[in-house]
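Everything below concerns the one structure shown next.
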Amino acid sequence: MPHIALNNDLPGITGLMVHRPDTGGPLGDLANALLRAPSSLEPGERELIAAYVSRLNDTEFCASSHGAFAASQLAGGRELVRDVLVDPGTAPISGRLRALLGVAAEVQSSARPVSDRAIEAARVEGADDTDLHDTVLIAAAFCMYNRYVSGLATELPKDDEYYEHATRRIVMDGYRSGIVQGD
């Protein structure tokens, strides 16, 4: 049961964003900029970073949502996402993405500079300044999103159909479309 009374029965952050469109709109815009706008990282890779940070934060709604969004955009699909969320060290992903997930994990674990070792490992694998910037910002933002969702004890969807519907909407139209209106 959520800690606050919501004016809708939507799960996770969706319910919070619809409840407070004044804050939900900017949060949706930020997610859209981080995960959908042009970047050196593919949208599926960025979604995977968001899902991984959410898994590290034990935020089931965000890990499942962004895992579904990543799976729909990555060649390995659900199996790849599952493997990454279990152990990115053995998952069948590029060295670059593996190293960026290491950077994201450091951001998730504490609010201090990412280690020189993690940055160097990412650079050796081909990560550039934009990759590093975007990874750190996605990880930091998802720590905030995860705390928002978990801190207010939002509910999980009643079934996996929610994730399928949300995936179609996000991949086609982005994060601002429908969320604030409650679609």
Side-chain angles (χ1 to χ4, degrees), residues 13 17 23-57 59 62-149 166-177 179-180:
I13 200 167
M17 293 172 84
T23 56
L27 289 172
D29 289 343
L30 177 59
N32 215 50
L34 294 174
L35 303 173
R36 306 293 307 156
S39 171
S40 57
L41 296 170
E42 294 298 321
E45 293 173 318
R46 290 178 276 162
E47 293 286 0
L48 189 59
I49 293 166
Y52 180 63
V53 168
S54 298
R55 175 67 64 219
L56 292 176
N57 283 325
T59 306
C62 297
S64 294
S65 295
H66 294 283
F69 306 159
S72 73
Q73 298 175 84
L74 294 171
R78 289 180 187 184
E79 287 182 28
L80 175 68
V81 171
R82 183 198 63 226
D83 291 348
V84 168
L85 297 183
V86 168
D87 181 7
T90 59
I93 56 175
S94 69
R96 174 176 156 261
L97 184 54
R98 184 180 298 47
L100 291 172
L101 290 169
V103 168
E106 286 196 21
V107 171
Q108 179 274 334
S109 72
S110 66
R112 62 176 177 248
V114 173
S115 70
D116 291 342
R117 176 185 48 73
I119 296 296
E120 181 58 27
R123 289 198 186 282
V124 164
E125 293 294 341
D128 62 18
D129 286 350
T130 302
D131 297 335
L132 291 165
H133 172 276
D134 291 357
T135 297
V136 168
L137 187 52
I138 291 166
F142 273 83
C143 286
M144 176 192 64
Y145 287 127
N146 297 161
R147 282 155 181 78
Y148 184 37
V149 168
T167 296
R168 286 190 300 275
R169 182 182 31 115
I170 294 300
V171 171
M172 294 281 295
D173 301 320
Y175 283 89
R176 191 67 193 268
S177 172
I179 290 181
V180 178

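FYI, side chains are in, hydrogens and waters are out, and symmetry mates aren't considered; it's all heavy atoms of this structure.
- When all heavy atoms of P92 and D83 are compared, the pair lying nearest together is CD-OD2, 3.8 Å.
- In plain terms, the two heavy atoms of A63 and S54 that are nearest each other are N-CB, 3.4 Å.
- Under a 3.5 Å cut-off, the side chain of R147 and the backbone N or O of C143 do form a donor-acceptor pair.
- E125 and S94 form no side-chain donor-acceptor contact under 3.5 Å, judged by distance and modelled atom types alone.
- Counting only heavy atoms from C-beta outward, the side chains of L35 and I170 never approach each other to under 4.5 Å.
- Between H66 and Y175, the angle of the ring planes stays under 30°, which puts this pair in the parallel group of the 30/60° scheme.
- For an aromatic pair to be called close, the ring centres must be under 6.0 Å apart, and F142 with Y145 satisfies this.
- In this structure, CG in D134 is found 8.5 Å from CD1 in I49, a value given to the nearest 0.5 Å.
- Here the shortest heavy-atom pairing between S40 and T130 reads OG-CG2, 3.7 Å.
- To the nearest 0.5 angstrom, I138 atom CD1 is 10.0 Å from H133 atom NE2.
- Shortest non-hydrogen contact noted between C62 and V149 is SG-CG2, 3.9 Å.
- With rounding to the nearest 0.5 Å, the separation of CG in L137 from CG in L30 is 6.5 Å.
- Shortest non-hydrogen contact noted between A122 and L132 is CB-CD2, 3.8 Å.
- When side chains are defined from C-beta on, V114 counts as touching V107, because their heavy atoms get closer than 4.5 Å.
- Remark: D129 pairs with R123 by the salt bridge (charged side-chain N to carboxylate O under 4.0 Å, His left out) rule, at least two apart or across chains.
- Proximity of a side-chain donor or acceptor of R46 to a complementary backbone N or O of L41 within less than 3.5 Å is detected.
- Atom CD of E47 sits about 10.0 Å away from atom CG of L34, to the nearest 0.5 Å.
- Across all non-hydrogen atoms, the minimal contact from V53 to A104 is CG2-CB, 3.9 Å.
- Take R96 and apply the salt bridge (charged side-chain N to carboxylate O under 4.0 Å, His left out) test, not counting sequence neighbours, and it matches E45, D131.
- Annotation for D116: atom CG does not count as buried by contact number, only 12 or fewer foreign heavy atoms lying within 6.0 Å.
- In terms of the salt bridge (charged side-chain N to carboxylate O under 4.0 Å, His left out) criterion, R112 has no residue partners (sequence neighbours excluded).
- With values rounded to the nearest 0.5 angstrom, I93 atom CD1 is found 5.0 Å from L101 atom CG.
- Here L27 contributes atom CG and M144 contributes atom CE; the two are 5.0 Å apart, rounded to the nearest 0.5 Å.
- Listed by first then second residue, pairs satisfying side chain to side chain donor-acceptor pair (under 3.5 Å) with a partner in residues 72-81 read R36-Q73, not counting sequence neighbours.
- Remark: Y52 engages no residue in a ring-ring contact (aromatic ring centres under 6.0 Å, His included) (not counting sequence neighbours).
- Residues that satisfy the salt bridge (charged side-chain N to carboxylate O under 4.0 Å, His left out) test with D128, not counting sequence neighbours, are absent from this structure.
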